[in-house]
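Keep in mind that the numbers below use all heavy atoms, side chains included, and drop hydrogens, waters and symmetry copies. So you know, we letter chains A, B, ... as the sequences are listed, proteins then strands, and number each from 1.
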Amino acid sequence: MKLASLVGMVRLSLARDRRGTLSSAFGIAVGVGALVFFVGLGLGVGRVVRERVFPVDARLVEVVPPRVSLGALLGGGRLDQETVDRLARLPGVERVFRKMAVRVPAVSRYDGDFFGARLRMGVELVAVGVDPGLVEGDVSVGAFADSGPGQPIPAVAAHRLLELYNKSFAPVRKLPQLSARMVSGFIFPVEFNRSYVTSSASGPVTRAQVQLVGVSDRGLLAGVTIPLATAVRLNREAGVEDSLFSGATLQARDPSEVPRLVAAARGMGLEVDDQERRMAENAGAAVALTTSALALLSLLICVLAAVNIAHALSAAVRARARDIGVLRAVGASRADVRSLVLAEAGALGLIGGAVGTVAAVGLSVLVDWASGRYLPEFPFKPDSYFAFPVAVVLGGVVLGVVAAVAGALGPARRAAGTDPARVLAG
Amino acid sequence: MIAAHGIRKSYREGNGSHVRVLEGLDLEVALGEFVAVVGPSGCGKSSLLHILGGLDRDFEGRAHVAGTELHALDDAGLSRLRNEKVGFVFQSFHLLPHLTALENVALPAQFSPGWEPRVQEERARKVLQRVGLEGKEGRTPARLSGGERQRVAIARALFAQPQLLMCDEPTGNLDQETGAGIIELFRSLHRDGLTVLVVTHEDQMRAAAQRVLRLQGGRLHPEGQS
């Protein structure tokens, strides 16, 4: 049977029973629509978690000295330059970025114009120095290098800190919303050897200025990231430890090398700070689990729709037995009859799948619009909660066809087995 | 055109017993012949037609139709035979209700390669014109009279230019006047060279046939003999 003939006969057959066609296609549309909607929601929320809430680079491993260590007595645990060199020589390591916390307390007291608003506040400031290579790709103003005493200290802030400021702090304090471009170049004062929370500060207070030179996903979340040389200098000037590193970031050549690097670092008596990665994984797993449960429910709807189609087509095959006999009399083979029933189901699935997918995408646009219009701002609030890769969209349509055709297998077999001599007699 | 020998056919009844309707039946129909088969209801006339038309494969004996041994054909082969060489006309017309007259007539083209849409339509219009239904191509069966429906059914049977027309009580559902028109149409088709095998009760149809055979006791006998 020619494809054009098959299409033409299916079109006529579906047009013959519009109500039945709509009913069968509706079931498929509901199932496919729900599936596409929930999978799109899961992928969208997962993307927000992965890219904005926990932007974990799959190639990076955070190595820190052990919290409790017998140190050099057992030949491990210290994170000095020699240990860093050993880490750099590990197979699979592309680069090592050293980190050193500024080990003297610091505060920032700001009193003045803040992007057009009046701001008066003081905060405890945490700073960590890093090898410039870790963040220099995100620097947009000047250079990320130690500029020496008396000069503003270049610093990078975290994207997430900016997000928390914009969505939580700024609205409450009626401060302006800031973008990465706006804050780059901003200068604020800092006082070292001063603290609001600890009495351990000692020595004279020294004043400096910090200039934000960029915003990065690799920046310290609750503080500022400064050049390593500056951190070493500040520690040295304050007379505190300035040769041991507080951490090192290993950049693997490939994400698949990461487990081996983790094991090697632990073998050297060091610890791996994978809290961020674990939180990302846990959040991702929670999203995936919820999505899977909803997708499973949607699949169940598709199965029910397929059963509905099976019943509807079975009834149609019984009701049209004489018509099938006529087709056989004018030259239709059993295979032709089987193809006709399956093609009719496929068309129902195609219609239902396409309508369901379009409805799901339409509903997602509505949800995003309603979120933007009615939900208050909150940190990491996305512009869209959904992601619809081509595979999901096409998969929805294909699922509709597969479910419908699967439901039609039995009726198609029965239709093909119709005895024309019996149904045409009399 | 038809050579059937030793045809036997039986049906299983509800209680499991077998009822034999054809008992070693022999039939030969020459090319271009017009043969009528008569007999009481339930004697197996329709069964014979279904067997010879390739609709029923469950029989014993040997049957050649249009030069082909039916038992040698598989389902696809029998379907091709029905599509290209045999045209059926039924008592109840058996038109598809959701199709127009033109679409009903062109139905055989849907199961045969080589029929371009334009050619299909031209051919369907031509056969509808041949059976006297010019101008009614777009009507569905519900908007046609009984006689017109049967003419559409005949046009459908003629669509693929078959060698053999098999008719099962073609005037059984028509009034006498309308039936007479249909019989005249068969006469005309026969004059054009078509081989016609018709199962009938109608005296007029008997009169139109060149040869009348009576099916009795599962076998065919020339009319007047038993």
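- Heavy atoms of A/Asp336 lying under 4.5 Å from chain B belong exclusively to its side chain.
- Side chain of B/Asp56 to main chain of A/Ala421: no donor-acceptor pair is present (N/O by atom type, distance under 3.5 Å, no hydrogens or angles).
- Between chain A and the residues B/Ser41, B/Gly77, B/Ala160, B/Pro97, the largest count of heavy-atom pairs under 4.5 Å involves B/Pro97.
- Shortest non-hydrogen contact noted between A/Gly331 and B/Phe111 is O-CB, 3.7 Å.
- Put simply, CZ on B/Phe90 and CZ on A/Arg322 are 10.0 Å apart, with the number rounded to the nearest 0.5 Å.
- Heavy atoms of other residues, nucleotides or ligands lying less than 6.0 angstrom from CZ of B/Arg20 number more than 12.
- If you measure heavy-atom distances from B/Glu169 to chain A, you find no contacts under 4.5 Å at all.
- Partner of A/Leu12 under the side chain to side chain contact (heavy atoms under 4.5 Å, CB included) criterion, chosen from B/Leu96, B/Leu99, B/Thr100: B/Leu99.
- A search for ring-ring contact (aromatic ring centres under 6.0 Å, His included) contacts involving A/Phe378 returns nothing, not counting sequence neighbours.
- One finds a salt bridge joining A/Arg328 and B/Asp75 here, because a Lys/Arg side-chain nitrogen approaches an Asp/Glu carboxylate oxygen to under 4.0 Å.
- The greatest number of non-hydrogen atom pairs below 4.5 Å with chain B, out of A/Gly325, A/Ala329, A/Pro420, A/Ser13, is found for A/Ala329.
- The distance from the CG atom of A/Leu14 to the NE2 atom of B/His98 is 10.0 Å, given to the nearest 0.5 Å.
- Partners of B/Leu31 by side-chain contact (heavy atoms from CB on, under 4.5 Å), not counting sequence neighbours, listed by chain and number: B/Met1, B/Thr195.
- Counting heavy atoms from C-beta outward, B/Arg156 and A/Val326 have side chains that approach closer than 4.5 Å.
- Of all non-hydrogen atoms in B/Ala109 and A/Ser5, the two that sit nearest each other are O-OG, 4.4 Å.
- By the 6.0 Å contact criterion, OH on A/Tyr385 is enclosed, its count of non-hydrogen atoms from other residues, nucleotides or ligands being greater than 12.
- Residue A/Asp254 places its CG atom among more than 12 non-hydrogen atoms of other residues, nucleotides or ligands, all under 6.0 Å distant.
- The neighbour count for A/Arg413 CZ, taken as heavy atoms of other residues, nucleotides or ligands under 6.0 Å away, does not exceed 12.
- With sequence neighbours excluded, no residue satisfies side-chain contact (heavy atoms from CB on, under 4.5 Å) with A/Leu304.
- Annotation: A/His311, atom NE2; neighbour count of heavy atoms from other residues, nucleotides and ligands within 6.0 Å does not exceed 12.
- Applying a 4.5 Å heavy-atom cutoff, the residues of residues 78-88 of chain B that approach chain A are B/Ser79, B/Arg82, B/Asn83, B/Phe88.
- Atom CG of A/Asp419 and atom NE2 of B/His50 lie 9.0 Å apart (nearest 0.5 Å).
- The local environment of CD in B/Gln176 is sparse, with at most 12 non-hydrogen atoms from other residues, nucleotides or ligands closer than 6.0 Å.
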